[in-house]
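To start, the structure under review is shown below, and the notes come after it.
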Amino acid sequence: MVQSLSEKKITSEYIAARMRKKTFFARDCRYVAEHILGDILLIKKGRSVLAGKIVETEAYPGKEDDASHAFKGKNTKRTSTLYSQGGVAYVYFIYGKYWCFNIVTGKKGDPQSVFIRALEPVCGMEKMKKLRGTGDMGKLTCGPCRWTQAFAIDRTWSGRPLTSFSACILKQAGKKNNLARGQRIGVDYAEQGREEFLRFYLKDNPFVSKK
DNA sequence: CTCACGATTAGA
DNA sequence: CTAATCGTGAGA
């Protein structure tokens, strides 16, 4: 277990010292997907704080990736956010009831992103349980559409910066990740993309979506 | 306008 | 294992 953020003081100085900057997100999605493992996703609304350790990610390189919404440069009303400068969220609706959350990476015009598949709860667990309608830790935040529900993510998040005091990624200095890599999940429709090893996760972390 | 489908999940 | 469920995007 990571140290609970609520055990520390979440001051703006604390956030400023650890926040991942825009320049970090300007990198290739594979690099970002790997290096944000173990970092903390933090969302503040007034006094309420929700935070989780990132334990599972997938890289979506964009134009050359037949699993990506931006394959061959496809640009629609929904996917236009993917073409932003790295560092904002890309959120979309799926299966009639869920929200999927990505972090846009790379330079403006290059539609890369990192899909966040699972978090380990760190702060605001009671609120998460309420939003999920369950106290079952095994199903609270392990899964791309479970954690977004626990964090009340919806369409209003698409395009929002993840480099602000109310929403950011906190770098965890000195972390020792036991990294694992594999094929992405749920993209069997992509003949090329399904073969590539673009899924990253923390080995043996119980909050990873698949065992 | 119509229609097929999905970067998933809950439940039988 | 399958049903649920509806916004999105492609095509008529």
Side-chain angles (χ1 to χ4, degrees), chain A residues 25 28-34 36-37 41 52 54-84 86 88-106 110-121 128-160 162 169 180-202 205-211:
Chain A
F25 296 111
D28 185 88
C29 59
R30 292 159 248 252
Y31 181 92
V32 175
E34 181 175 336
I36 59 172
L37 284 176
L41 171 67
I54 298 167
V55 300
E56 182 182 358
T57 61
E58 282 176 358
Y60 282 79
K63 291 180 179 171
E64 74 273 21
D65 174 19
D66 58 355
S68 170
H69 292 166
F71 182 45
K72 290 179 180 168
K74 189 165 96 171
N75 190 339
T76 64
K77 188 179 176 184
R78 173 176 72 155
T79 63
S80 61
T81 336
L82 278 171
Y83 293 80
S84 311
V88 302
Y90 165 58
V91 174
Y92 64 91
F93 187 65
I94 188 90
Y95 297 120
K97 45 185 148 187
Y98 304 118
W99 297 97
C100 286
F101 182 99
N102 291 245
I103 300 174
V104 175
T105 72
D110 188 0
Q112 300 186 20
S113 68
V114 173
F115 184 42
I116 309 295
R117 286 194 56 92
L119 302 176
E120 175 180 328
M128 292 180 201
K129 287 176 178 174
K130 212 168 189 176
L131 284 161
R132 283 280 295 132
T134 177
D136 185 351
M137 288 303 287
K139 291 185 174 177
L140 196 62
T141 54
C142 55
C145 302
R146 288 183 175 140
W147 82 259
T148 51
Q149 193 173 38
F151 278 62
I153 300 295
D154 63 19
R155 72 168 68 257
T156 66
W157 278 85
S158 209
R160 281 181 60 168
L162 299 172
I169 305 296
R181 204 173 164 168
Q183 288 164 293
R184 291 174 297 181
I185 294 172
V187 294
D188 286 349
Y189 57 84
E191 291 199 12
Q192 307 291 320
R194 67 181 176 202
E195 307 291 347
E196 296 193 66
F197 278 46
L198 294 174
R199 173 172 175 248
F200 304 83
Y201 57 99
L202 298 183
N205 185 291
F207 292 90
V208 169
S209 71
K210 270 194 172 181
K211 58 177 165 55

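Residue numbering restarts at 1 for every chain, and letters A, B, ... go by the order of the sequence lines. In what follows, every heavy atom counts, from backbone to side chain, and hydrogens, waters and symmetry copies are set aside.
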(Q) Regarding A:Arg184, tell me which of base, sugar-phosphate or nothing describes its non-hydrogen contacts under 4.0 Å with the strands shown. (A)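 Nothing, no nucleic acid heavy atom in range.
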
Q.
Within the 4.0 Å heavy-atom criterion, would you say A:Arg132 contacts the bases, only the backbone, or no part of the nucleic acid?
A.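 Sugar-phosphate, backbone atoms only, no base.
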
With distance as the sole test, does [X] use its side chain to make a donor-acceptor pair with the main-chain N or O of [Y] at under 3.5 Å?
| X | Y | answer |
| --- | --- | --- |
| A:Glu58 | A:Ile185 | yes |
| A:Arg184 | A:Gly193 | yes |
| A:Thr148 | A:Trp99 | yes |
| A:Thr141 | A:Trp147 | no |
| A:Gln183 | A:Arg194 | yes |

Where the side chain of [X] is concerned, which of [options] is the nearest nucleotide?
| X | options | value |
| --- | --- | --- |
| A:Arg146 | B:dT8, B:dA7, B:dT9 | B:dT9 |
| A:Pro144 | C:dA4, B:dA7, B:dT9 | B:dT9 |
| A:Lys77 | B:dG6, B:dT9, C:dG9 | C:dG9 |
| A:Lys74 | C:dG9, B:dA7, B:dA10 | C:dG9 |

Q) Taking only N and O in the side chain of A:Arg117, is any of them less than 4.0 Å away from OP1 or OP2 of B:dT8? A)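 Indeed, a polar side-chain atom of A:Arg117 lies that close.
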
Q.
If you compare every side-chain N and O of A:Tyr95 against the phosphate oxygens of B:dC5 (OP1, OP2), does one of them come in below 4.0 Å?
A.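 For A:Tyr95, the contact criterion (side-chain N or O under 4.0 Å from OP1 or OP2 of B:dC5) is not met.
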
Q) When the nearest nucleotide of DNA chain B is assigned to A:Gln149 and to A:Val187 on a heavy-atom basis, which residue is associated with the more 5' position? A)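 Of the two residues, A:Val187 wins.
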
Q | Given DNA chain C, 5'-ward residue of the pair A:Arg155 and A:Tyr98, judged by closest heavy atom | A |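 Here A:Tyr98 is the residue nearer the 5' end.
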
Q: Establish, for the pair A:Arg117 and A:Phe115, whether the NZ or CZ atom is under 6.0 angstrom from the six-membered ring centre and no further than 45 degrees off its axis.
A: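 Checked: cation-pi criterion not met.
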
(Q) Dot-bracket for DNA chain B, please. Rules: Watson-Crick or G-U, both distances under 3.5 Å, ( ) within the strand, [ ] when a pair crosses earlier ones, | for another strand, . otherwise. (A) ||||||.||||.

